[in-house]
Amino acid sequence: MGDFKFHGVDVTKLAREYGTPLYVMSEDEIVLRIREVKRCFDEKNERCSAFFSSKSFLTKDMLRILMREGMGLDVVSEGELFLARQMGFPPEKIAFHGNSKTDSEIAAGLDYGVGKFVCDSVGEIEVIDRMAKERGAGRANVLIRVTPGVDAHTHKYIATGGAGSKFGIPIEAVKDAVTLCGALDNVSLCGFHFHVGSQLMDNSTHIEALGVILNLIKKTRDELGFETRILDMGGGFGVRYTKNDAPQDIEGFIGGMTDYAEGFCRSNVIARPALVIEPGRWIVSGAGITLYSVGSVKRLPGGAVYVGVDGGYPDNPRPALYGAEYEAIVANKADLPPAETVSIAGKCCESGDILIQGIDLPEAERGDIIAVFSTGAYCHSMSNNYNKNPIPAVVMIKDGTPRLSVRRQSYEEMFSGNI
Ligand code: LLP
């Protein structure tokens with residue numbers, strides 16, 4: 001029977017060796033994608049650098065890859081920073097995000113000397129100033145995250161730039177925030193940040209937001225004499241999950257943004273700030289698949305068929321949260337034509353735990369291996385222990401050779417905090 005190979009490796013064998021559910025990632029694909037982003041952004045333009053958004057996928061191996069490839073990191077919590085620090089990730093290449101940073105997080109960022117804090121509120125700027133003063137370690141570099149007031153065409157839970165968003169400082173309040181930074185002795189305002197949303201199929205809303213922020217940059221220079229040195233344009237570059245997704249190619253997506261920024265600055269006679277982007281999903285999504293074992297096949301009298309697997313919501317909450325869609329195959333029957341339309345059901349006690357609704361597959365039976373594609377982003381990082389299912393292992397493939405990258409969580413580890 002035809003067993004499906006992922007980056008040269010028979011995944012049915014991987015499932016047997018490492019158990020399921022199992023995240024399988026291709027290091028080669030991650031590296032390829034990092035290099036592609038760098039080619040289109042860092043290398044094509046002066047003073048442009050891409051930072052990887054670690055919320056999409058963060059493991060020690062991922063950090064090793066990023067350090068080797070010389071890419072910066074965006075972190076959003078003390079936990080993400082903790083691992084980066086443990087791995088000796090260069091602090092100056094870290095941007096610390098978050099709309100509600102705790103004192104402990106700000107302290108950790110200052111103590112490690114992160115390159116910049118992306119400030120999401122005026123109160124946060126004041127806290128950073130105070131804590132930087134207490135430490136006497138010089139000025140902390142900050143960016144102001146601006147809410148551009150642009151509505152991204154994506155799921156409302158992953159749109160972040162619209163007016164009324166919980167993220168960022170409203171555009172009307174930015175002038176005061178810039179003035180405040182100028183009056184503080186322990187922060188150094190380097191510029192602005194915006195992020196319109198995630199999984200965007202083209203750059204139209206990025207460009208719209210860019211227009212808003214570039215006008216703000218011009219205004220703050222003209223009215224306050226503030227020279228913006230850095231403009232961080234966030235992430236959000238869409239990927240293909242199913243055949244219905246047709247994302248703009250990354251070169252065109254990013255290239256359109258840099259061209260727009262260059263053009264605006266030239267015609268408005270302002271110095272082009274250094275530009276930053278923060279891709280997460282685009283780098284890791286297609287580099288990963290998830291393997292499951294079929295546990296049950298139910299053919300209902302009305303014709304519905306449920307193929308139940310040994311994972312679901314705990315290893316991939318995205319379908320339940322955002323109605324996210326995926327494609328999948330029966331990996332050990334890769335040569336068989338589809339025989340019926342089924343739903344792939346997760347194992348959690350939730351009717352909403354359906355990984356894929358309505359997919360054509362060959363007849364599946366208990367013990368078959370299902371491979372779900374494009375799960376490299378926001379699956380491992382959003383995994384959880386609902387119904388006390390352990391977090392699956394991660395296997396990394398490089399040059400056709402698989403290796404264990406993250407061990408499967410044991411039950412002892414799951415309950416280790418219980419007193
Ligand atoms: N920069 C900032 C400030 C962000 O908030 C995000 C994502 C990114 C960069 C990276 O965006 P990406 O290039 O990965 O689209 N859990 C959701 C996605 C949430 C994204 C949150 N912010 C999902 O599974 O679709």
Side-chain angles (χ1 to χ4, degrees), residues 30 33-34 36-37 40-41 49-58 62 66 71-77 80 94-101 116-120 143-148 150 152-162 165-169 192-203 205-206 209 213 230-242 245 247-248 250 253-254 257 275-288 290 313 315-326 355 372 374-384:
I30 295 172
R33 285 175 164 259
I34 288 174
E36 180 62 0
V37 166
C40 300
F41 193 65
S49 43
F51 280 48
F52 175 68
S53 198
S54 70
K55 74 199 76 170
S56 62
F57 180 71
L58 182 68
M62 188 65 206
L66 292 166
M71 187 176 251
L73 191 72
D74 122 28
V75 302
V76 78
S77 72
E80 289 178 352
I94 298 178
F96 203 148
H97 286 265
N99 67 303
S100 182
K101 297 181 188 73
K116 48 192 182 298
F117 286 90
V118 181
C119 295
D120 209 273
L143 297 184
I144 290 175
R145 176 165 178 170
V146 182
T147 322
V150 168
H153 312 130
T154 188
H155 192 283
K156 68 175 192 289
Y157 288 177
I158 52 175
T160 50
S165 166
K166 75 165 185 173
F167 295 104
I169 296 180
F192 300 102
H193 170 280
F194 69 88
H195 173 75
V196 283
S198 208
Q199 180 57 359
L200 292 162
M201 288 295 131
D202 63 55
N203 65 10
T205 43
H206 280 74
I213 306 297
I230 301 175
L231 171 57
D232 185 332
M233 308 184 287
F237 318 117
V239 303
R240 183 187 177 284
Y241 283 101
T242 72
D245 298 324
Q248 183 176 10
I250 196 73
F253 201 125
I254 301 175
M257 291 163 65
L275 299 175
V276 175
I277 51 169
E278 304 166 329
R281 190 187 317 265
W282 196 87
I283 288 175
V284 285
S285 170
T290 309
Y313 184 86
D315 59 81
N316 185 357
R318 302 192 67 260
L321 276 175
Y322 323 114
E325 294 182 345
Y326 289 91
L355 277 171
V372 176
S374 300
T375 59
Y378 299 108
C379 287
H380 180 259
S381 64
M382 292 176 81
S383 61
N384 61 81

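Quick caveat: nothing in here was measured; it's all calculated off a predicted structure. We count ligands from 1, going down the list as the structure has it; atoms in each ligand are counted the same way.
- When the side chain to side chain contact (heavy atoms under 4.5 Å, CB included) test is applied to P317, the partners found at least two apart in sequence or on another chain are Y313, L321, M382, N384.
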Identify all N/O pairs between ligand 1 and the protein with a separation under 3.5 Å and present them as a table of atom names and distances.
residue: ligand 1; atom: 1 (N); partner: E278; partner atom: OE1; Å: 2.7
residue: ligand 1; atom: 5 (O); partner: K55; partner atom: NZ; Å: 3.1
residue: ligand 1; atom: 13 (O); partner: G236; partner atom: N; Å: 2.9
residue: ligand 1; atom: 13 (O); partner: G280; partner atom: N; Å: 3.0
residue: ligand 1; atom: 14 (O); partner: R281; partner atom: N; Å: 2.8
residue: ligand 1; atom: 14 (O); partner: Y378; partner atom: OH; Å: 2.7
residue: ligand 1; atom: 15 (O); partner: S198; partner atom: OG; Å: 2.3
residue: ligand 1; atom: 15 (O); partner: G236; partner atom: N; Å: 3.3
residue: ligand 1; atom: 16 (N); partner: Y322; partner atom: OH; Å: 2.8
residue: ligand 1; atom: 24 (O); partner: R318; partner atom: NE; Å: 2.5
residue: ligand 1; atom: 25 (O); partner: R281; partner atom: NH1; Å: 3.2
residue: ligand 1; atom: 25 (O); partner: R281; partner atom: NH2; Å: 2.9
residue: ligand 1; atom: 25 (O); partner: R318; partner atom: NE; Å: 3.3
residue: ligand 1; atom: 25 (O); partner: R318; partner atom: NH2; Å: 2.9

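- H97 and H193 have perpendicular rings, their planes meeting at more than 60° on a 0 to 90° scale where under 30° would count as parallel.
- Applying the side chain to side chain contact (heavy atoms under 4.5 Å, CB included) test to Q248 and every residue at least two apart in sequence or in another chain returns D202, N203, F253.
- The side chain to side chain contact (heavy atoms under 4.5 Å, CB included) search around T375 returns T290, N316, Y326, V372, C379, not counting sequence neighbours.
- To the nearest 0.5 angstrom, D232 atom CG is 8.5 Å from F194 atom CZ.
- A distance-only check finds no donor-acceptor pair linking the side chain of S285 to the backbone of A377 [under 3.5 Å].
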